[in-house]
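Read the structure below first, then the notes.
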Protein chains: 2
Amino acid sequence: MIVFINDRFIDEKEASIGISDLSVQRGFGIFDFFRTYRYVPLFLDDYLDRFFNSATLLSLQPRHTREELKTIIYEMIDRNQIETSGFKLILTGGYSQDGFEPGTPNFIMTQQPVEISSEEKFEKGIRIILHEYLRDVPEVKSINYLMAIYLQNRLVEQKADDVLYHQNGEVLEFPRSNVFIVTKEGAVVTPGKNVLHGITRKKVLHIAGRNYKAEERTVTLEDLKNASEVFLTSSTKRLLPVLEIDDVIVGNGKPGKITRELYTAFKQLEEEYYKHEKLPLKDA
Amino acid sequence: MIVFINDRFIDEKEASIGISDLSVQRGFGIFDFFRTYRYVPLFLDDYLDRFFNSATLLSLQPRHTREELKTIIYEMIDRNQIETSGFKLILTGGYSQDGFEPGTPNFIMTQQPVEISSEEKFEKGIRIILHEYLRDVPEVKSINYLMAIYLQNRLVEQKADDVLYHQNGEVLEFPRSNVFIVTKEGAVVTPGKNVLHGITRKKVLHIAGRNYKAEERTVTLEDLKNASEVFLTSSTKRLLPVLEIDDVIVGNGKPGKITRELYTAFKQLEEEYYKHEKLPLKDA
């Protein structure tokens with residue numbers, strides 16, 4: 001596979017970064033991740049918006065403009081020829097003189113084949129546990145996953161699929177996904193503050209708003225317990241029903257009606273985006 | 001300068017790591033840092049204890065035994081010939097297949113000239129601000145300094161030298177140093193839980209115990225406000241008086257008597273350690 005570092009394409013086997021980079025020295029950097037659907041990068045502008053926003057919030061100067069990034073992304077799609085892939089864009093704190101002060105950021109872009117969560121997986125749903133934790137500067141998609149990786153052993157022990165963070169009684173997010181609840185009154189709700197604003201989250205909020213009351217607001221642990229449906233959203237998982245939380249069954253223990261509707265509608269949205277976007281590609 | 005990566009010495013200009021390393025991908029790794037005094041690594045066994053403990057807590061398998069590490073450290077001292085230096089040992093999550101699951105850890109060791117905080121700096125003391133934050137898995141010396149680097153802009157704005165973390169009314173630690181208070185009753189106290197157990201902290205507790213009541217226990221923000229002396233400890237700063245906290249003067253605004261005594265005693269301890277350790281080096 002070909003990757004891109006700073007200003008050139010390079011074979012991933014040869015792709016490296018100097019050890020004084022602040023990602024290695026201090027875990028300091030931001031990233032973003034999106035996938036391609038039949039060679040089309042889905043919702044690309046939304047992801048690039050977030051990438052630039054994360055960089056701004058950590059005072060990292062991006063090495064490329066939006067248009068330059070798009071050119072590089074399409075060239076990589078052309079070179080690697082992976083139909084369904086995950087793109088990762090990392091912007092680090094750069095080479096640091098003293099191992100603490102950021103330098104000129106280094107930029108790394110990789111493309112890998114990615115498996116999208118299947119319909120079988122949707123039907124099966126997932127089992128989660130809770131953990132009290134607030135991500136550092138949560139509105140930034142930073143590379144800091146210390147807690148997430150640290151908790152992997154506990155997930156294995158407790159035979160859980162994922163862990164949901166909360167703090168001071170407020171439900172927040174999963175390490176790599178957002179959470180939604182459907183209330184008994186049929187409102188579709190996701191936490192509004194202290195979370196990463198996921199792109200799938202944004203699309204699902206939009207879709208849900210067509211037929212339901214869709215809200216970004218505080219979700220308490222009590223709200224979570226009383227929810228009739230709970231699901232997560234992520235770029236590679238789309239929507240996944242949460243069927244068990246700390247050994248307590250959610251609803252009737254099966255994917256809920258509204259979750260299923262939104263899942264179907266989200267896949268349609270992907271299809272529409274693809275149809276709209278592939279035209280300029282064909283012309284090119 | 002010569003650095004060491006995994007199993008060999010290499011010039012630092014050529015020292016790099018593959019981009020799939022979990023430090024780059026997920027900011028996942030541990031490190032430790034100690035300094036040399038006239039070519040002698042101070043309190044080396046204490047630092048290596050902590051290095052191995054951090055690795056264990058994050059389930060990272062060290063690539064070298066304690067004895068192997070010592071051999072590499074002394075060879076590096078011999079090669080680089082830096083009288084007063086800082087050694088940094090980093091153990092990362094290694095090359096990850098999926099960008100999330102740890103692989104075989106990569107080990108990086110560097111040695112750089114380091115400036116030790118001067119007596120002038122001690123007399124001048126420092127000005128600090130407070131910030132509510134608990135480090136992830138605080139007993140681990142991880143490479144995660146996202147919050148610390150994020151807060152640098154605020155330090156500049158507020159003309160402060162450092163930031164002291166606290167949570168739920170309990171004083172914790174600085175991003176790279178521990179905190180001590182001297183109570184009005186003359187006890188020397190440092191927070192016991194949810195902090196990194198610094199090596200200078202450990203030595204100062206020991207020294208303080210000779211003449212004072214020395215305690216590891218909860219320090220509240222109230223205790224901090226009422227303290228007659230406040231100081232920090234770190235490997236490169238030894239002890240540094242904190243003379244102003246969020247614009248409030250500590251004590252009489254000058255380095256306190258007990259802080260000064262402990263500072264002098266700590267430098268004596270360094271001298272004693274050096275004298276004791278240099279003998280086997282000379283024999284070698």
Side-chain angles (χ1 to χ4, degrees), chain A residues 3 5 10 12-31 33 57-60 86 88 90 92-93 96-102 106 108-110 112 114-115 132-137 140 142-153 167-168 175-176, chain B residues 3 5 10 12-31 33 57-60 86 88 90 92-93 96-102 106 108-110 112 114-115 132-137 140 142-153 167-168 175-176:
Chain A
V3 303
I5 300 191
I10 185 175
E12 69 174 337
K13 288 182 203 73
E14 292 153 28
S16 65
I17 193 160
I19 59 167
S20 72
D21 187 84
L22 269 199
S23 60
V24 179
Q25 295 287 326
R26 301 287 178 180
F28 194 77
I30 59 125
F31 79 108
F33 179 91
L57 290 172
L58 290 196
S59 306
L60 294 173
K88 195 165 182 180
I90 303 176
T92 73
S96 174
Q97 294 295 321
D98 63 358
F100 193 73
E101 184 118 358
N106 284 307
I108 298 168
M109 186 163 80
T110 60
Q112 300 282 347
V114 70
E115 209 174 324
E132 180 137 21
Y133 179 63
L134 171 68
R135 286 174 49 246
D136 299 354
V137 205
V140 172
S142 79
I143 61 169
N144 171 27
Y145 282 73
L146 181 73
M147 184 57 76
I149 297 174
Y150 179 68
L151 291 172
Q152 288 302 298
N153 289 343
Q167 195 178 56
N168 297 331
R176 297 189 280 177
Chain B
V3 304
I5 300 191
I10 184 174
E12 69 174 338
K13 290 181 201 73
E14 291 152 29
S16 65
I17 193 160
I19 59 167
S20 72
D21 187 84
L22 269 200
S23 60
V24 179
Q25 296 287 324
R26 302 288 178 179
F28 193 78
I30 60 125
F31 78 108
F33 180 90
L57 289 172
L58 290 196
S59 305
L60 294 173
K88 194 164 182 179
I90 303 177
T92 74
S96 173
Q97 293 294 323
D98 63 358
F100 194 74
E101 184 118 0
N106 284 308
I108 298 168
M109 186 161 80
T110 60
Q112 300 282 347
V114 71
E115 207 173 326
E132 179 137 23
Y133 178 63
L134 171 68
R135 284 173 53 245
D136 299 353
V137 205
V140 172
S142 79
I143 61 169
N144 172 28
Y145 281 73
L146 182 72
M147 183 57 76
I149 296 174
Y150 179 69
L151 291 173
Q152 287 302 299
N153 289 342
Q167 196 177 57
N168 298 331
R176 299 188 279 178

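Every heavy atom of this structure was used, including side-chain atoms; hydrogens, water molecules and symmetry mates were not. Proteins come first, then strands; the chains are lettered A, B, ... in the order of their sequence lines, and each starts at number 1.
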Problem set entry | Interatomic spacing from CG in N144(B) to CG in D136(B) - rounded to 0.5 Å |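 CG of D136(B) is found 5.0 Å from CG of N144(B).
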
Exercise. Around E101(B), counting heavy atoms of other residues, nucleotides and ligands shown, do more than 12 lie under 6.0 Å from its CD?
Worked result: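 Incorrect, the count does not exceed 12.
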
Problem set entry | Flag if over 12 foreign heavy atoms under 6.0 Å of CD, E132(A) |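 Yes, because the 6.0 Å sphere around CD of E132(A) holds more than 12 heavy atoms from other groups.
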
Problem set entry | Distance-only side-chain donor-acceptor flag, S16(B) / S16(A), under 3.5 Å |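 Distance-only check passes for S16(B) and S16(A).
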
For this session: Could you tell me whether the side chains of N153(A) and S59(B) share a donor-acceptor contact shorter than 3.5 Å?
Result: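 Result is yes, a qualifying pair exists.
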
Portion of [X] that has a non-hydrogen atom of chain B nearer than 4.5 angstrom:
X       : answer
I19(A)  : both
Q25(A)  : both
I90(A)  : side chain
F100(A) : both
V3(A)   : side chain

Problem set entry | Contact class of L57(B) relative to chain A, heavy atoms under 4.5 angstrom |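 Only the backbone of L57(B) comes within 4.5 Å of chain A.
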
For this session: Check each atom of I108(B) against the heavy atoms of chain A and say whether the ones under 4.5 Å are side chain, backbone, both or neither.
Result: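 When you check distances to chain A, only side chain atoms of I108(B) fall under 4.5 Å.
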
For this session: Name the member of M147(B), K88(B), Q112(B) that forms the most heavy-atom pairs with chain A at distances under 4.5 Å.
Result: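 Maximum pair count with chain A is reached by K88(B).
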
Exercise. Do you know which two heavy atoms are closest between P175(A) and Y145(A), and how far apart they sit?
Worked result: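 The answer is O-CE2, 3.5 Å.
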
Exercise. If every non-hydrogen atom of L22(B) is compared with every non-hydrogen atom of S96(B), which pair is closest and at what distance?
Worked result: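 In this case the closest contact between L22(B) and S96(B) is CD2-CB, 3.6 Å.
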
Problem set entry | Interface residue of largest heavy-atom contact number with chain B, from V137(A), L58(A), T92(A), under 4.5 Å |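 Maximum pair count with chain B is reached by V137(A).
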
